[in-house]
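All heavy atoms count here, side chains included; hydrogens, waters and symmetry mates do not.
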Amino acid sequence: MSRVLPTAGIDFPLEIPVLVIGGGACGLTAALAAHDAGADVLVLERDPSPSGSTAMSSGMIPAAGTALQAARGVDDTPEIMAADIQAKAHGENDPAMVAAICAASGPTVNWLVQTHHVPLTLVEGFLYPGHSKPRMHAPASRSGADLVAGLLAAANAAGIDIVCDAAVTTLFADADGCVRGVELQRPDGSHERIGCDTLILACSGFGGNADLLARHIPELKGAQYYGHTGNRGDALLWGEQLGAAVRNLGAYQGHGSLAMPHAILITWALMMEGGFQVNANGERFSCEHDGYSEQAMRVIAQPGGVAWNIFDERLHRLGLDFEDYRDALKGGAVKTADSIAALADLCGLPPAALAATLDETRALAAGQGSDRFGRDFTTKPALTAPFYAVKVTGALFHTQGGLSIDADARVLRADGRPLPNLLAGGGAACGISGRGRDGYLSGNGLLAAAVLGAKAGRTAAALVKRGV
């Protein structure tokens with residue numbers, strides 16, 4: 001319902017200093033930060049168990065200057081990371097916000113690992129498009145579900161209360177925008193009210209709301225949505241009713257490698273390390289190294305709205321490091337053959353055309369000529385038999401625009417003044433992916449979730465101490 005009502009005459013049987021809506025990476029990180037800062041906190045999660053968009057991801061948090069990087073000899077800085085983010089987003093982000101988020105990224109990951117024992121490792125062996133340094137930190141499984149599990153274990157160890165099956169429908173606020181409490185609905189239809197001193201919106205974006213998508217990102221009409229169905233834009237709708245400013249609502253994370261019809265994410269590492277995509281005609285149609293977000297619409301534009309990832313045994317073994325890829329293999333999405341002609345027959349692709357495409361990429365890898373799409377093939381080995389293929393489509397994963405916030409995660413009005421006690425992070429807040437589909441640098445979503453979640457939690461605790 002996503003409504004905001006006046007507080008007058010409303011009673012709250014339970015009062016909480018810091019209330020968090022959403023139990024994904026942003027909400028759990030916010031709760032940990034608020035707890036560590038000495039505040040009592042409660043997390044409300046609409047699902048039977050915490051998951052959200054995080055659980056559907058690869059669980060990778062980019063961060064610069066971490067202890068895990070130092071241990072592996074990686075020389076990375078917030079400044080280098082900020083430059084990478086801005087380059088990918090064509091300079092469309094607020095430089096001050098990018099700098100603040102990047103500066104806090106390393107300390108946030110160190111805190112999660114060292115203080116709360118969230119099992120993160122440094123991802124090595126390849127770089128996603130736009131990243132100049134190995135800076136992805138993820139569970140060993142490369143699974144977002146395992147990241148949520150690690151954060152949930154930390155929250156449980158800290159004694160943080162998490163109430164599931166609690167769908168918040170209503171915020172109660174004073175005339176000045178100060179939120180006094182919420183109303184939630186239980187699966188049996190009953191309602192409860194909880195008062196709060198501060199409220200953190202960690203309830204993601206609006207990818208699951210067809211009306212909001214049609215209004216703000218009309219190019220996605222008809223595109224498959226591979227995100228959490230609960231991402232209904234509640235934070236955006238509540239914020240707008242409270243007078244909050246919004247930014248970059250046309251920004252989103254797409255992905256051009258969703259296995260079909262299995263709907264399983266196939267890691268883009270296969271493309272970055274030497275694989276390529278072809279359409280139903282057996283022909284390449286783009287530079288796969290531009291980025292997987294912009295590749296979504298390129299794949300959708302191909303005949304039948306599909307493409308085929310083509311790779312080899314070396315890359316197959318790389319894919320096995322990812323739980324999603326292993327699931328796709330078990331589900332029969334991954335095809336393999338000893339020759340490119342046999343693979344073409346298996347996939348229903350024109351054998352001569354696919355063979356010609358393979359020959360072209362091999363020549364490019366040998367430094368013979370230049371790719372018409374601008375990709376450099378010389379840095380990775382050419383593909384060799386046996387060959388592999390996965391049929392994929394493009395999909396929307398997550399919106400990246402949202403409520404305007406400051407560097408402390410406080411939600412801002414149109415005039416730049418913060419609302420009294422409202423904070424936001426993750427998909428609820430405007431991210432750092434520019435204005436459209438091609439500004440998304442891999443990991444931006446979980447970067448905003450973890451860093452802004454931590455900032456929101458600490459800011460909320462400070463507001464409580466000040467008696468807001």
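The shortest distance between side-chain heavy atoms of Leu354 and Leu358 does not fall below 4.5 Å. The closest side-chain heavy-atom distance from Leu441 to His131 is below 4.5 Å. Side-chain contact between Arg135 and Asp84: present, with at least one pair of heavy atoms (C-beta onward) separated by less than 4.5 Å. Side-chain contact check for Thr399 versus His216: every heavy-atom pair is 4.5 Å or farther apart. Contact check for Phe377 versus Asp371: side-chain heavy atoms found under the 4.5 Å cut-off. Counting heavy atoms from C-beta on, the side chains of Asp161 and Asp40 never come closer than 4.5 Å. Between Pro381 and Arg314, the closest side-chain pair of non-hydrogen atoms falls below 4.5 Å. The shortest side-chain heavy-atom distance between His137 and Gln69 falls under the 4.5 Å cut-off.
Counting all heavy atoms, side chain and backbone alike, Ile85 lies closest to Cys102 at CD1-SG, 3.6 Å. For Pro386 against Asp338, the heavy-atom pair with the smallest separation is CB-OD1, 3.9 Å. Gln400 and Gln253 make their closest contact through CG-N, 3.9 Å (heavy atoms, listed as atom of the first residue, atom of the second, distance). Heavy atoms only, all atoms of each residue included: Glu219 and Met297 are closest at O-CE, 3.3 Å. Nearest heavy atoms, Ala235 versus Leu403: O-CD1, 3.6 Å. When all heavy atoms of Val148 and Ser51 are compared, the pair lying nearest together is CG2-O, 3.7 Å.
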Practice item. Show your working on side-chain hydrogen bond (donor to acceptor under 3.5 Å, both in side chains) between Asp36 and Thr115 and close with a plain yes or no. Key: CA-CA 10 Å; Asp36 285 5; Thr115 301; 5.7 Å; no
Exercise for review: Mind running side chain to side chain contact (heavy atoms under 4.5 Å, CB included) on Leu265 and Phe322 for me, showing each step along the way?
Suggested key: CA-CA 10 Å; Leu265 175 64; Phe322 294 78; over 6 Å; no
Exercise for review: Carefully, step by step, assess Met81 and Leu447 under the rule side chain to side chain contact (heavy atoms under 4.5 Å, CB included).
Suggested key: CA-CA 11 Å; Met81 182 177 174; Leu447 172 64; 3.7 Å; yes
Review point. Stepwise, does the side chain to side chain contact (heavy atoms under 4.5 Å, CB included) test hold for Lys133 with Leu127?
Key: CA-CA 7 Å; Lys133 301 283 185 177; Leu127 295 175; 5.6 Å; no
Exercise for review: Go through Leu329 and Leu320 one step at a time and tell me if the side chain to side chain contact (heavy atoms under 4.5 Å, CB included) criterion holds.
Suggested key: CA-CA 9 Å; Leu329 183 65; Leu320 291 173; 3.9 Å; yes
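With hydrogens and angles disregarded, a donor-acceptor distance shorter than 3.5 Å links the side chain of Lys88 to the backbone of Asp438. Listed for the Tyr440 side chain is a donor-acceptor partner under 3.5 Å among the backbone atoms of Gly445. Remark: side-chain polar atoms of Ser58 are not paired, donor with acceptor, to backbone N or O of Ser143 under 3.5 angstrom. Checking side-chain atoms of Arg142 against main-chain N and O of Val123 turns up no donor-acceptor pair under 3.5 Å. A donor-acceptor pair is defined here as one N or O able to donate and one able to accept, closer than 3.5 Å; no such pair exists between the side chain of Asn248 and the backbone of Gly401. Side-chain atoms of Ser257 come within 3.5 Å of backbone atoms of Ile266 as a donor-acceptor pair (strictly under, hydrogens ignored). At distances below 3.5 Å, at least one donor-acceptor pair connects side-chain atoms of Glu288 with backbone N or O atoms of Gln277. Using a distance-only test at 3.5 Å, with no hydrogens or angles considered, no donor-acceptor pair links the side chain of His116 to the main chain of Val118. For the pair Asp408 (side chain) and Arg410 (backbone), a donor-acceptor distance under 3.5 Å is absent. For the pair Asp327 (side chain) and Lys330 (backbone), a donor-acceptor distance under 3.5 Å is absent.
From Asp376, atom CG reaches atom CG of Leu364 across 9.0 Å, with rounding to the nearest 0.5 Å. The distance from atom OG1 of Thr108 to atom CG of Leu112, rounded to the nearest 0.5 Å, is 7.0 Å. Taking CD1 from Ile340 and OG1 from Thr357, the interatomic distance works out to 9.0 Å, rounded to the nearest 0.5 Å. Rounding to the nearest 0.5 Å places CD1 of Ile200 at 8.0 Å from OG1 of Thr459. The distance from the CD1 atom of Ile61 to the CG atom of Asn444 is 13.0 Å, given to the nearest 0.5 Å. Between the OH atom in Tyr225 and the NE2 atom in His398 there is a gap of 6.5 Å [rounded to 0.5 Å].
In this pair, Tyr226 and Phe397 present their aromatic rings tilted. The plane angle is within the 30 to 60° band. Using a 30° and 60° split on the angle between ring planes, His255 and Tyr292 fall in the parallel class, below 30°.
Between the side chains of Gln86 and Asn93, at least one donor N or O lies within less than 3.5 Å of an accepting N or O.
Results of the ring pair (Phe, Tyr, Trp, His ring centres under 6.0 Å) test with His316 over Phe387, Phe311, Tyr325 single out Tyr325 as the only residue that passes.
Residue Arg372 qualifies as enclosed at atom CZ: its count of foreign heavy atoms under 6.0 Å is above 12.
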